[in-house]
Amino acid sequence: MKYQAPRGVKDLLPPESEAFRRLEDEVRDLFVLSGFREVRLPIFESAALFFRSIGESTDIVEKEMYLFEGKGGEKLALRPEGTASLLRAAIEHRLAEPGRTSRLYYQGAMFRHERPQAGRLRQFHQAGAEILGPNDPDTDADLIASVSRYARETSIPGSQLLINSMGCDGCRPEYRKRLVAYLEDHKKHLCETCVRRISTNPLRVLDCKVEGCQPTLNTAPAITSFLCPTSREHFERVCQALNEGDIPYTLSPRLVRGLDYYTETAFEWVSDALGAQSTWAAGGRYNGLVSSLGGPDVPGVGLAIGIERLYLLREKSGTLPRSDAPPVTIALHPLDDDSRGYIRTLLTSLRAEGISCVGLFGSNRLKKAFVSAEREGARYIGLAGENERGSGTITIKDLGTGVQKTVPVAPIPQLASLLSSGFPADSTP
RNA sequence: GUGAGUGUAGCUCAAGGGCAGAGCACUGGACUGUGGCUCCAGGGGUUGGGGGUUCGAAACCCCUCACUCACCCCA
């Protein structure tokens with residue numbers, strides 16, 4: 001094979017492509033139902049935007065970004081996530097202003113140069129929703145509730161909500177100090193990467209999955225016992241709101257989001273039906289991010305759903321959305337060469353009436369036309385030869401029921417409505 | 001970036017040193033204005049690529065590429 005898709009990217013073919021689109025629509029509907037409006041964002045941005053927002057010492061920035069230079073030498077990057085882009089746009093167009101609330105969502109391809117595996121691609125798709133403005137726990141809880149409810153309604157298999165608090169600029173530094181001290185003391189029981197992270201990104205040590213590290217990490221100081229009164233109250237009220245809303249969750253003191261910008265509430269939805277990449281949606285509050293990107297001091301909270309992972313889950317549970325409407329209403333076949341023009345005219349007229357149709361011009365054999373019509377997924381086949389042409393009619397057969405009828409082609413709207421409303425069952429062949 | 005597993009027809013897979021095969025799919029015919037069935041025939045392959053061992057390699061060895069899964073990381 002001369003050309004094939006680059007590593008880690010996938011072609012989506014029918015019918016999977018259609019199911020994927022329906023899933024995206026489903027998520028869009030979910031956001032719209034909660035008052036979010038869409039922002040279409042560019043697929044690349046100034047690289048510095050991501051360095052700044054995601055964090056210099058994260059893996060994404062250190063080794064996973066697709067970087068390239070514009071003609072003028074400007075440093076650009078394919079977006080590895082959506083929040084940074086959305087906030088950039090919100091700040092640039094004055095949608096993030098103190099005292100007002102913006103609910104915005106985005107949806108599209110993201111790019112990270114990682115080794116592909118189950119549920120992990122180099123080009124993948126996320127849909128994310130961000131609320132800029134409010135800083136109250138009820139907003140967090142409401143956002144969380146919308147996704148948890150969606151998970152329940154669509155029967156996402158094995159889904160579980162994990163939540164934690166990351167504290168704020170006031171209390172996290174103190175906690176961080178205590179954690180580093182603890183980790184230093186227990187260095188000899190930790191793996192190599194953990195030891196390295198003590199100095200680069202100590203909070204992420206908590207995320208380590210190495211078996212040998214677990215005993216040490218289990219007894220490490222938990223951030224939740226170091227929260228300042230404000231952060232503690234915020235977190236407690238989020239949990240309380242979830243309790244009241246009957247949203248099940250698991251407190252996960254060692255949950256640390258991969259991106260540096262999170263503050264206060266952090267949450268993610270995992271599923272044991274997914275393989276090693278078990279997170280299918282995640283988010284959190286980011287109160288300092290807007291201002292650190294040059295905007296006003298506006299707090300925010302948001303989340304993103306990994307569409308491919310959602311797809312995997314729905315596939316596993318056999319609940320992928322499927323379009324039941326046939327792709328083509330009628331396939332038209334000329335019975336002789338003289339009828340080809342008659343058929344072409346009819347195709348144009350029917351499409352003008354919104355009826356999906358194809359012409360079967362490939363073979364003169366009627367038998368093949370039937371096979372082709374079925375392959376096209378057509379509901380009806382329409383035949384025209386000398387007789388139909390002479391009388392201005394078309395012979396239409398319902399491929400499902402076998403019911404057949406010869407009807408006038410004019411007026412076209414009447415023919416169109418016959419095709420879209422369906423054949424009477426009592427017609428005789 | 002590291003490790004393991006797998007690469008044979010469009011798809012699913014046989015052949016484990018001795019003629020590269022099956023099922024499905026595809027094309028044509030039986031069947032020239034009425035389909036799904038059946039029967040007959042046909043097209044398809046540098047066995048991922050390169051090198052080596054051997055009289056002989058799809059098979060054994062080395063290199064390489066790709067895919068899959070895992071580590072890592074994350075949606």
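Any value given below was found using the heavy atoms of this structure, including those in side chains, with hydrogens, waters and symmetry copies removed. As the structure is a computational prediction, the values presented were derived from the model and not from experiment. Chain identifiers are assigned alphabetically (A, B, ...) following the order of the sequence lines, protein sequences preceding nucleic acid strands; residue numbering begins at 1 within each chain.
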Base, sugar-phosphate, or nothing: which does A/S278 touch, judged by heavy atoms less than 4.0 Å apart? nothing
Between B/A66 and B/A14, how many Å separate the two P atoms, rounded to a whole number? 25 Å
Taking only the C1' atom of each, what is the distance from B/A15 to B/C71 in whole angstrom? 36 Å
For A/L399, answer base if it contacts any base atom (sugar-phosphate contacts may also be present), sugar-phosphate if it contacts only those atoms, and nothing otherwise; contact means non-hydrogen atoms under 4.0 Å. base
Applying the Watson-Crick and G-U wobble criteria at under 3.5 Å, what pairs with B/C37? Answer none if nothing qualifies. none
Taking atom CZ of A/R172 as the centre, report whether more than 12 heavy atoms of other residues, nucleotides or ligands fall under 6.0 Å from it. yes
Anti or syn, where syn is a glycosidic angle within 90° of 0; which label fits B/G16? syn
Is the phosphate of B/G28 approached by A/R365 (side-chain N or O, under 4.0 Å from OP1 or OP2)? no
Under a 3.5 Å cut-off for both distances, is B/C26 Watson-Crick or wobble paired, and to whom? B/G42
A/Y261 has an atom OH; how far is it from atom P of B/C74, in whole Å? 12 Å
Look at the side chain of A/Q117 against the base of B/C72 and say whether a donor-acceptor pair falls under 3.5 Å; ignore hydrogens and angles. yes
Between B/U34, B/A70, B/U68, which nucleotide has the shortest distance from any of its atoms to the side chain of A/A276? B/A70
Send over the distance from A/D59 CG to B/C71 P, rounded to a whole Å. 14 Å
Aromatic ring proximity, centroids under 6.0 angstrom, A/F20 and A/H125: yes
Contact class for A/K397 (heavy atom, under 4.0 Å): base, sugar-phosphate, or nothing? base
Please give the distance between the C1' atoms of B/A30 and B/G44 as a whole number of Å. 23 Å
Mind calculating the distance between CD1 (A/I381) and C1' (B/G33) to the nearest angstrom? 11 Å
Compare side-chain N and O positions of A/K367 against OP1 and OP2 of B/G36 and report whether any pair is under 4.0 Å apart. yes
For B/C65 and B/G28, measure between their C1' atoms and round to the nearest Å. 39 Å
Could you tell me how far B/C62 sits from B/G21 if I compare only their C1' atoms? Round to whole Å. 29 Å
Using atom P in both nucleotides, what's the gap between B/A4 and B/C63 to the nearest angstrom? 12 Å
For the side chain of A/L366, starting at C-beta, report the closest nucleotide among B/G33, B/C69, B/A75. B/G33
Of A/P6 and A/L121, the one whose nearest nucleotide on RNA chain B sits closer to the 5' end is A/P6
Let's test this: given Watson-Crick or G-U wobble pairing with both distances under 3.5 Å, identify the partner of B/A57. none
To the nearest angstrom, how far is A/R309 atom CZ from B/A75 atom P? 8 Å
Rounded to the nearest 0.5 Å, how far apart are CD1 of A/I163 and CZ of A/F235? 4.5 Å
Using only heavy-atom distances, decide whether a donor-acceptor pair under 3.5 angstrom links the side-chain of A/E114 to the base of B/G1. no
Look at atom CZ of A/R178 and say whether more than 12 heavy atoms of other residues, nucleotides or ligands are closer to it than 6.0 Å. no
Measure from CZ on A/F124 to P on B/C74 and round the result to the nearest Å. 11 Å
Report which part of the nucleic acid A/G128 touches: base, sugar-phosphate, or nothing (heavy-atom distance under 4.0 Å, all strands). nothing
What is the separation between atom CG on A/L313 and atom C1' on B/A75, rounded to the nearest whole Å? 11 Å
Can you check whether A/F370 stacks with the B/G36 base, using ring centres under 5.5 Å and planes within 30°? no
Nucleotide forming a Watson-Crick or wobble pair with B/G5, both distances under 3.5 Å: B/C67
If you only use heavy atoms from C-beta on, which nucleotide in B/C72, B/C31, B/A75 is closest to the side chain of A/R112? B/A75
Closest listed nucleotide, where the reference is the side chain of A/R7 and the choices are B/A75, B/C31, B/C67: B/C67
Decide yes or no for A/D140 and A/H234: does some side-chain heavy atom of the first lie under 4.5 Å from some side-chain heavy atom of the second? yes
Taking the C1' atom of each, how far is B/C60 from B/G43, in whole Å? 34 Å
Please confirm whether any donor atom in the side chain of A/R120 sits under 3.5 Å from an acceptor in the base of B/C72, or the reverse. yes
Taking atom C1' in both B/G3 and B/G42, compute the distance separating them and give it to the nearest angstrom. 47 Å
Do the rings of A/F267 and A/W269 sit parallel, tilted or perpendicular, given the 30° and 60° boundaries? perpendicular
Close side-chain approach of A/R285 to A/C168, heavy-atom, < 4.5 Å: no
Classify the angle between the aromatic ring planes of A/F31 and A/Y105 as parallel (below 30°), tilted (30 to 60°) or perpendicular (above 60°). tilted
A/Y150 and A/W280 aromatic ring geometry - parallel, tilted or perpendicular at 30°/60° bounds: tilted
It should be established whether A/R375 places a side-chain nitrogen or oxygen under 4.0 Å from OP1 or OP2 of nucleotide B/G36. no
Atom pair distance, as rounded to whole Å: CZ in A/R115 and P in B/G3: 9 Å
Base-pairing assignment for B/A20 (Watson-Crick or G-U wobble, both under 3.5 Å): none
Which residue lies toward the 5' end of RNA chain B, A/E386 or A/H125, if each is placed at its nearest nucleotide? A/E386
Under 4.0 angstrom, heavy atoms only, what part of the nucleic acid is A/N387 near: base, sugar-phosphate, or nothing? base
So, is A/K10 near the phosphate of B/U68, with a side-chain N or O under 4.0 Å from OP1 or OP2? yes
Whole-Å gap separating P (B/C72) and CD (A/E64): 13 Å
